[in-house]
Q: 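Below are the structure tokens for one structure; questions will follow.
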Number of protein chains: 4
Amino acid sequence: MTEKKRNIIDAAAQLFSSNGFSATSTSKIAEKAGVSEGLIFRHFGNKSALLDTILAEGEQRLKSYYSDIVFESDPREVLRKIIELPFVLTAEDLEFCRLQTKLAWEMNATNSSHLKPHFLKVELAFKKLGVDNPKMETDVLFYLIEGINAALLNAKIEDADAVKAFLINKYLS
Amino acid sequence: MTEKKRNIIDAAAQLFSSNGFSATSTSKIAEKAGVSEGLIFRHFGNKSALLDTILAEGEQRLKSYYSDIVFESDPREVLRKIIELPFVLTAEDLEFCRLQTKLAWEMNATNSSHLKPHFLKVELAFKKLGVDNPKMETDVLFYLIEGINAALLNAKIEDADAVKAFLINKYLS
Amino acid sequence: MTEKKRNIIDAAAQLFSSNGFSATSTSKIAEKAGVSEGLIFRHFGNKSALLDTILAEGEQRLKSYYSDIVFESDPREVLRKIIELPFVLTAEDLEFCRLQTKLAWEMNATNSSHLKPHFLKVELAFKKLGVDNPKMETDVLFYLIEGINAALLNAKIEDADAVKAFLINKYLS
Amino acid sequence: MTEKKRNIIDAAAQLFSSNGFSATSTSKIAEKAGVSEGLIFRHFGNKSALLDTILAEGEQRLKSYYSDIVFESDPREVLRKIIELPFVLTAEDLEFCRLQTKLAWEMNATNSSHLKPHFLKVELAFKKLGVDNPKMETDVLFYLIEGINAALLNAKIEDADAVKAFLINKYLS
DNA sequence: GATGAATGAGAGTTCATTCAT
DNA sequence: TATGAATGAACTCTCATTCAT
């Protein structure tokens, strides 16, 4: 990948994330990336394919967080790790989550949260721990995590560590 | 308010809600409302003032849900009512919440959830009930409600009543 | 029809006729018509619908030439009139024929010559006059007229009247 | 000439012939030819020089048809050969004639028909055969041949042989 | 109050062409 | 010879907005 192509992706990601997809013009992307507008189309074909590229790149980065949970067998550890997930994202990955959520709202797409694949794993953990209604308990935990994520993405949580500790205590003590 | 003005507001609300603000053109609004494009500007001045009108109208409708909680003194009832809030919205009001959240994401506005005014009320309730960390407990409850709200708005919850019952049981038993 | 809409049609007709369809930009049309470029799209939707409008208008004008032949019963008069047709067009109508032929070549469309409807009429005339192979004779006459038309449109015929007289003599003496 | 250069010429000829000059982009030519876009400019300098190359190559091919007529002395044979000319072209040469005519219309160039050089020859033939107005007779024959050519190029003539026979009979019996 | 003509700015995209490799 | 990155100008078309009626 050439430097200019990289610049386009980065500039577009930032602008999409702060202004949204349709409010970001290709000319502004080109300007921010320091390239000619035509280059965007030479590399990506069209604006929405550029978005796809960005999205795919981000998904790729998030995948690294999954493996940590997938191979965990201790139910308590599964819960701990799924709760911690929103808090351990790097600033860059958090930024990508923001973009993902923002676009999900803009495009009416179901935000395919990166948590989803772990649903069954968590349900099983609750089952092993003997809770009353493991399916519902999982649902609710995921709603909670989504809510925290949204707050986190918009920097509405002041002391994230305290929240994390509180939750872990709530679910694992 | 003339019928045509009403039509504009309704058409715009629907289009903003499904396509977003900047992806909705005034010409499409006029077409859907069955009026000339110029009339939009005659009545509202510009596109974003039209949005403001819609938003204000919606807020007004939501206010009716507040009063029910504001004057509640029983702490357990406060909790019950705040938890039930997302589930008792009419379809129309739910639709407006969708719009509100969608726009909050599009505009980078802090989604001034209609729950917020009740924060202190809920915190006090938790205090009265003698929980360990009332502030944090309130935070978490609100994150959870936000998460449920988001899921509700996107029709991702199948059996809403079951979720409601589960939560009330969790917090009030 | 407003004056500006009229101007657009006229300007476009001239430019299409001299430069062809795809080599004529909407911005040049707007400039020549003295209107904003957007107005073209407000009135016609897109560039090719503008072309359709021009074409339809021209066809309409050419229709007036038809009726003269349609009701002719004398076979010799039919021949005389069909031969004279290319020579009696007004300058404006000739210009439109140029456009029509030019576009037929550009678009790979079969140039639906305005002569076609008279094919059977002419064949019948030849039959009445007792020629050997009326169908073929008609075909050839039409090829000839097409050739003359093409030459006429490109101003390659110096003394048109002489050609007309020669042909009438050839076919009717 | 390298294979790639050949491919460019062939691809361009086909595309110009079916879509016209200005509606054919160099990128499409490169794609069809299976070469990089830059190579077109390396070989031909610019798009219109590529066209010139194609045109010149085609003219060269058509020249072979001329010699047959140039050295003919029998006036009846001259007429026969000139009439037969449009019908004896190979499919490939016919395709080139199509391109030539199409471009003549697109560029407002006088279609330098390959017949022209024979004008005087034909006029002389008519003179020798003692027709009344040899100049005019030649003009008309050429108009007719142009008309037939146009029909032939657009595949509008079903039974070409019959037309040929009919004409030869008309002019030589 | 309501329309429809009109606009200028800017949208996404394609163009012929250049140039370093 | 051949490529592919890169460009700036031009393309068709849409935008929010104004204004005379």
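Predicted model, so just to flag it, every value in this text is computed and none were measured. Reminder, nothing fancy here: chain letters follow the sequence lines and each chain counts from 1.
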Q: Pick the closest DNA chain F nucleotide for Lys5(A) and for Lys4(D) by heavy atoms, then say which residue is nearer the 5' end.
A: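 The answer here is Lys4(D).
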
Q: Scan Ser48(B) against the nucleic acid and name what it touches under 4.0 Å (heavy atoms): base, sugar-phosphate only, or nothing.
A: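 No contact.
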
Q: Does dT3(F) have a Watson-Crick or wobble partner in any strand here, with both distances under 3.5 angstrom, and which is it?
A: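 Looking at the geometry, dT3(F) pairs with dA20(E).
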
Q: Atom CD of Glu3(C) and atom P of dG4(E): how far apart are they, to the nearest Å?
A: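 That distance rounds to 21 Å.
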
Q: Gly38(A) or Gly38(C): which one's nearest nucleotide on DNA chain E is closer to the 5' end?
A: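 The residue mapped nearer the 5' terminus is Gly38(C).
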
Q: Any idea which of dA6(F), dT17(F), dG12(E) is nearest the Glu37(A) side chain?
A: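 Nearest to the side-chain atoms of Glu37(A), counting from C-beta on, is dG12(E).
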
Q: Does dA6(F) have OP1 or OP2 sitting under 4.0 Å from an N or O in the side chain of His43(A)?
A: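 Checking dA6(F) against His43(A), a side-chain N or O does come within under 4.0 Å of OP1 or OP2.
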
Q: Pick the closest DNA chain E nucleotide for Val35(B) and for Gly45(D) by heavy atoms, then say which residue is nearer the 5' end.
A: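 Comparing both residues, the 5'-ward one is Val35(B).
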
Q: Under a 4.0 Å N-O cut-off, is there an ion pair linking Arg42(A) with Glu37(D)?
A: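 Yes, Arg42(A) and Glu37(D) are salt-bridged.
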
Q: Can you check the Leu39(A) CG to dA9(F) C1' distance for me, whole Å?
A: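 Checked: the CG to C1' distance equals 16 Å.
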
Q: Over all heavy atoms of both residues, which pair between Leu55(B) and Phe96(B) is shortest? Give the atoms and the distance, please.
A: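 Heavy-atom minimum between the residues: O-CZ, 3.5 Å.
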
Q: Give a yes or no on whether the backbone of Phe21(A) and the side-chain of Lys47(A) come within a donor-acceptor separation of less than 3.5 Å.
A: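 Such a contact is found between Lys47(A) side chain and Phe21(A) backbone.
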
Q: Given that Ile40(D) and Ser25(B) both sit by DNA chain F, which one's nearest nucleotide is further toward the 5' end?
A: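 The residue mapped nearer the 5' terminus is Ile40(D).
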
Q: Less than 4.0 angstrom between a side-chain N/O of Ser27(A) and OP1 or OP2 of dG12(E), yes or no?
A: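 For dG12(E), neither OP1 nor OP2 has a side-chain N or O of Ser27(A) closer than 4.0 Å.
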
Q: Rounded off to whole Å, could you give me the CZ-to-P distance for the Phe41(C) and dA16(F) pair?
A: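 The answer, rounded to whole Å, is 17 Å.
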
Q: Atom NZ of Lys28(D) and atom P of dT13(E): how far apart are they, to the nearest Å?
A: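 Distance, rounded to whole Å: 16 Å.
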
Q: Can you check the Lys47(D) NZ to dT18(E) C1' distance for me, whole Å?
A: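 So the two atoms are 17 Å apart, to the nearest Å.
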
Q: Rounding to a whole Å, what distance do you find between Glu31(B):CD and dG4(E):C1'?
A: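 Rounded to the whole Å, the gap is 15 Å.
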
Q: At 4.0 Å (heavy atoms only), tell me whether Thr24(A) reaches a base, stays on the sugar-phosphate, or touches nothing.
A: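 It contacts sugar-phosphate atoms only.
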
Q: Touch check for Thr26(A), heavy atoms < 4.0 angstrom, all strands: base, sugar-phosphate only, or nothing?
A: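 Base, at least one base atom sits under 4.0 Å.
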
Q: Any Lys/Arg nitrogen of Arg6(C) or Glu57(C) sitting under 4.0 Å from an Asp/Glu carboxylate oxygen of the other?
A: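 Counted as a salt bridge, because a side-chain N and a carboxylate O are separated by less than 4.0 Å.
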
Q: Please name the residue in the list Ile8(C), Leu15(C), Asp10(C) that meets the side-chain contact (heavy atoms from CB on, under 4.5 Å) test with Lys32(C).
A: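 With Lys32(C) as partner, Ile8(C), Leu15(C), Asp10(C) yield a single side-chain contact (heavy atoms from CB on, under 4.5 Å), made by Leu15(C).
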
Q: Leu50(A) CG to dG12(E) C1': how many Å, rounded?
A: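 The answer, rounded to whole Å, is 12 Å.
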
Q: Using whole Å, report how far CD1 of Ile29(A) lies from C1' of dT13(E).
A: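 Taking CD1 of Ile29(A) and C1' of dT13(E), I get 13 Å after rounding.
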
